[in-house]
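Reviewing the structure listed below.
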Amino acid sequence: MDEPVDIYEQAALNMSIPEGCDVTRTVYASIKQLISHDIIDPSSVGFQSCEPLCGLCYHGSKEWDYIRFNIIVVGIILPIVGVFGIVGNAISAFVYSRPEMRCSTNFYLFSLACSDTGVALTGIFLFSLETFRPFSLTVARMSGQLSAIVYPMGMIAQTCSVYFTMCAGVDCFVQVCLPEKVRRAFSRKETVHFLAICVLIFSVLYNVPHFFEGFVIDCYHKDLGGMSKEVCPATLRYNELYQSIYYKYMYAIFLAVGPLITLIVLNTFIIGVSVFGSSASNTDDTMSLILVVLLFISCNTIALIINIFESYLSETLGSKINYIVDLSNFLVVFNSSFNIIIYIKYSRPFADTLFSYFCRRKPKTESPGLGPPIMITEKPSRSKKCKETLSRLLVASQPETPPPVMPVGSDVV
């Protein structure tokens with residue numbers, strides 16, 4: 001069982017370092033460590049003077065079909081969608097922070113817009129810049145220097161987005177399906193802020209291991225003719241136990257299957273109360289509820305499959321897995337950029353507030369239908385927009401009965 005390890009350790013010890021170079025340099029020790037754990041092939045190690053050649057850990061595809069696909073999807077379309085998402089999320093955060101929009105659900109949507117901005121921004125850096133890495137020494141240096149930090153930050157933002165979406169969904173479920181006493185407790189400012197802080201703390205702690213999955217080495221880029229930087233994986237990233245627990249089970253439970261099932265269950269109950277429990281079915285309401293779930297499923301299924309079956313897919317598909325990875329990365333950014341379209345189309349309070357600030361248009365007194373499911377808010381409070389949203393829900397089930405009034409304390413400041 002120990003023979004393969006001995007071979008790799010011997011190969012690391014026999015690595016030829018050019019004469020006259022300082023053998024105590026950290027970069028040489030790092031390369032030896034990668035060789036000893038069979039992460040890189042000793043025959044791939046080359047030197048220019050005393051500097052290792054780039055390409056030890058980064059192997060760009062040489063297939064023209066994939067290069068063209070990568071440039072179009074990740075290099076051109078993704079940053080366009082990402083910039084749109086950054087602007088759209090900034091507008092969403094602005095709208096949901098307005099006094100007339102302040103309520104518990106909208107606070108979570110404000111937080112979601114902020115975290116989605118981080119997802120779109122880090123996605124552009126990690127994915128789009130990587131596309132142009134082989135063509136620019138400046139881009140290669142920037143990507144190599146910052147990727148080891150930007151990637152964990154992007155994962156923190158993505159985790160926040162998942163859980164703020166869940167918080168909004170839970171809040172929607174509470175306000176629509178549970179008794180008034182529970183609604184009032186869940187809508188308190190202290191409760192909402194406590195949950196938001198818990199999401200932030202959990203997102204940071206959960207993604208701490210990503211900060212130790214890679215390290216940066218200095219290398220000489222032979223094709224571009226200059227010194228560059230490259231991110232190499234730490235031995236932790238290739239530890240079988242770590243891959244199994246963190247990337248398969250924990251990822252599935254906390255970032256993929258768990259949140260997905262939770263949203264499906266919550267939305268099923270909401271649909272049952274708002275649609276099937278009413279005297280007449282409202283197709284628009286049903287579609288708006290289903291839309292959020294479908295968007296989450298469609299944009300996260302591929303990422304779920306890749307992270308859980310990464311080793312198997314790599315062996316089975318070979319280099320073709322790069323197509324799937326690029327598509328998954330694009331869908332992550334798309335999911336973080338598309339929410340504003342849903343808000344404008346399906347949420348009259350959001351659209352009215354948006355146009356009243358940017359177009360000086362007076363809000364309409366009537367709304368044609370219920371907004372997206374996470375926009376369903378608690379019973380009326382000081383927030384006029386939250387009043388209108390719940391009123392439409394109650395009117396759908398009891399057309400001639402005015403909605404009861406909730407105590408003033410349900411607002412979130």
Side-chain angles (χ1 to χ4, degrees), residues 18 21-22 25-31 34 39-40 44-87 90 117-158 210-234 237 319 322-323 325-330 332-334 336-337:
C21 299
D22 183 5
R25 289 181 61 187
T26 304
V27 64
Y28 299 146
S30 299
I31 294 175
L34 294 174
I39 297 176
I40 63 175
S44 66
V45 180
F47 294 91
Q48 176 73 26
S49 297
C50 292
E51 302 298 338
L53 294 177
C54 295
L56 292 174
C57 308
Y58 171 80
H59 305 285
S61 176
K62 302 297 184 181
E63 299 178 6
W64 170 243
D65 289 340
Y66 169 72
I67 293 176
R68 181 171 53 188
F69 174 84
N70 181 259
I71 291 176
I72 294 175
V73 175
V74 180
I76 299 176
I77 300 178
L78 186 146
I80 294 175
V81 173
V83 171
F84 172 82
I86 293 172
V87 176
T117 301
V119 173
L121 187 61
T122 55
I124 293 174
F125 177 87
L126 289 172
F127 308 139
S128 298
L129 283 186
E130 192 74 10
T131 298
F132 301 102
R133 178 189 180 97
F135 310 110
S136 171
L137 191 60
T138 302
V139 172
R141 290 171 180 167
M142 185 185 304
S143 177
Q145 180 66 43
L146 299 178
S147 290
I149 300 297
V150 176
Y151 173 69
M153 298 300 293
M155 290 304 300
I156 291 174
Q158 186 175 355
H210 288 306
F211 286 95
F212 303 96
E213 289 184 347
F215 58 91
V216 180
I217 64 170
D218 294 316
C219 59
Y220 183 83
H221 203 299
K222 189 174 181 180
D223 294 333
L224 300 177
M227 290 299 298
S228 182
K229 294 182 181 294
E230 190 168 297
V231 179
C232 285
R237 183 65 180 83
S319 62
N322 292 327
Y323 291 91
V325 171
D326 284 351
L327 181 59
S328 172
N329 294 335
F330 171 76
V332 168
V333 175
F334 179 83
S336 298
S337 305

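Because the structure is a prediction, the values reported are computed rather than measured.
- Atom CZ of F212 is surrounded by 12 or fewer heavy atoms from other residues, nucleotides or ligands within 6.0 Å.
- Rounding to the nearest 0.5 Å places CD of E63 at 12.0 Å from CZ of R68.
- At least one side-chain heavy atom of C50 sits less than 4.5 Å from a side-chain heavy atom of R25.
- Distance check, rounded to the nearest 0.5 Å: CG of L56 to CD1 of I217 gives 5.0 Å.
- Across all their heavy atoms, K229 and D218 have their closest contact at NZ-OD1, 2.6 Å.
- Here I76 contributes atom CD1 and N70 contributes atom CG; the two are 10.0 Å apart, rounded to the nearest 0.5 Å.
- One finds the CG atom of D223 at 11.0 Å from the OG atom of S228 (value rounded to the nearest 0.5 Å).
- When every heavy atom of L137 is checked against every heavy atom of G226, the shortest pair comes out as CD2-CA, 3.8 Å.
- Residues meeting the side chain to side chain contact (heavy atoms under 4.5 Å, CB included) test with Q48, sequence neighbours left out: L53, Y220.
- Between E51 and K222, no side-chain nitrogen of the basic residue sits less than 4.0 Å from a carboxylate oxygen of the acidic one, so the salt-bridge criterion is not met.
- Taking T117 as the reference, I86, N89 meet the side chain to side chain contact (heavy atoms under 4.5 Å, CB included) condition, with sequence neighbours excluded.
- Under the rule for a salt bridge (Lys or Arg N to Asp or Glu O under 4.0 Å), E130 has no partner lying at least two apart in sequence or in another chain.
- To the nearest 0.5 Å, the span separating CE on M153 from CG on L146 amounts to 12.0 Å.
- Heavy atoms only, all atoms of each residue included: P79 and V74 are closest at CD-O, 3.2 Å.
- I124 is listed as a side-chain neighbour of V83, based on a closest heavy-atom distance under 4.5 Å.
- By the neighbour-count criterion of 12 heavy atoms within 6.0 Å, atom CE of M142 is sparsely surrounded, having that number or fewer from other residues, nucleotides or ligands.
- A distance-only check finds no donor-acceptor pair linking the side chain of S337 to the backbone of F84 [under 3.5 Å].
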Original post:
Checking side-chain contact (heavy atoms from CB on, under 4.5 Å) for the pair F47/C21: CA distance, chi angles, key distance, verdict?
Top reply: CA-CA 11 Å; F47 294 91; C21 299; over 6 Å; no
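- Side-chain contact between C57 and L34 is present, with at least one heavy-atom pair separated by less than 4.5 Å.
- When all heavy atoms of F330 and L78 are compared, the closest pair comes out as CA-CD1, 3.7 Å.
- To the nearest 0.5 Å, atom OH of residue Y151 and atom CD1 of residue I156 are 11.5 Å apart.
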Original post:
Could you walk me through whether R133 and H221 pass the side-chain contact (heavy atoms from CB on, under 4.5 Å) check?
Top reply: CA-CA 11 Å; R133 178 189 180 97; H221 203 299; 6.0 Å; no
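- Side-chain N or O atoms of T122 include one that pairs as donor or acceptor with a backbone N or O of V119 at under 3.5 Å.
- Put simply, the side chain of Y66 never gets that close to the backbone of Y323: no donor and acceptor are under 3.5 Å apart.
- For the pair S147/F125, a side-chain contact is recorded, criterion being any heavy-atom separation below 4.5 Å from C-beta on.
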